[in-house]
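All values below were derived from every heavy atom in this structure, side-chain atoms included, with hydrogens, water molecules and symmetry-related copies excluded. Since we're looking at a predicted model, the values are computed, not measured.
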Amino acid sequence: MSDASDRMKHKAEEAVGAAKEKAGAATGNERLEDEGRADQAGAQAKQGVDKAKDRIAEGVDKVKGAFKR
C-alpha cells in the first residue's frame with residue numbers, strides 16, 4: 001500500500017506545480033508556466049501509481065480472505 005506520507009508529498013508537489021504555473025502566467029514567464037504544468041502532471045502520475053498500489057493491495061487482501069474461509 002502507498003504510504004500516507006507519499007500521498008501527502010505528491011499532493012504538495014501538485015500544489016507547488018499549480019503555484020508555479022500561476023506565477024508564470026502572472027509574470028508572463030512561459031518557462032515557469034510550462035514547468036508548473038510538468039510538475040503537476042508528474043505529481044498526478046505518482047498519485048495514480050499510489051491508487052494502483054492500493055487497489056492491488058485490496059485485491060490481495062480479498063484473495064487472502066477467501067482462502068481463510
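Shown here are the salt bridge (Lys or Arg N to Asp or Glu O under 4.0 Å) partners of Glu14, two or more places apart in sequence or in another chain: there are none. Under the side chain to side chain contact (heavy atoms under 4.5 Å, CB included) criterion, Lys22 pairs with no residue, sequence neighbours left out. For Arg37, the salt bridge (Lys or Arg N to Asp or Glu O under 4.0 Å) partners are Glu21, Glu33, Asp34, not counting sequence neighbours. Taking the side chain to side chain contact (heavy atoms under 4.5 Å, CB included) definition, one finds that Val60 meets it with Ile56, Lys64, sequence neighbours left out. Every side chain to side chain contact (heavy atoms under 4.5 Å, CB included) that Asn29 has, sequence neighbours left out, goes to Thr27, Arg31, Leu32. The salt bridge (Lys or Arg N to Asp or Glu O under 4.0 Å) search around Lys20 returns Glu35, Asp39, not counting sequence neighbours.
In plain terms, the two heavy atoms of Ala43 and His10 that are nearest each other are CB-O, 3.4 Å.
Side-chain atoms of Lys46 and Glu13, non-hydrogen and from C-beta on, do get closer than 4.5 Å to each other.
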Worked check of salt bridge (Lys or Arg N to Asp or Glu O under 4.0 Å) between Arg7 and Asp54: CA-CA 11 Å; Arg7 286 190 196 138; Asp54 291 342; 2.4 Å; yes
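Salt-bridge formation is not detected for the pair Lys11/Asp6: no Lys NZ or Arg NE/NH1/NH2 atom is positioned less than 4.0 Å from an Asp or Glu carboxylate oxygen.
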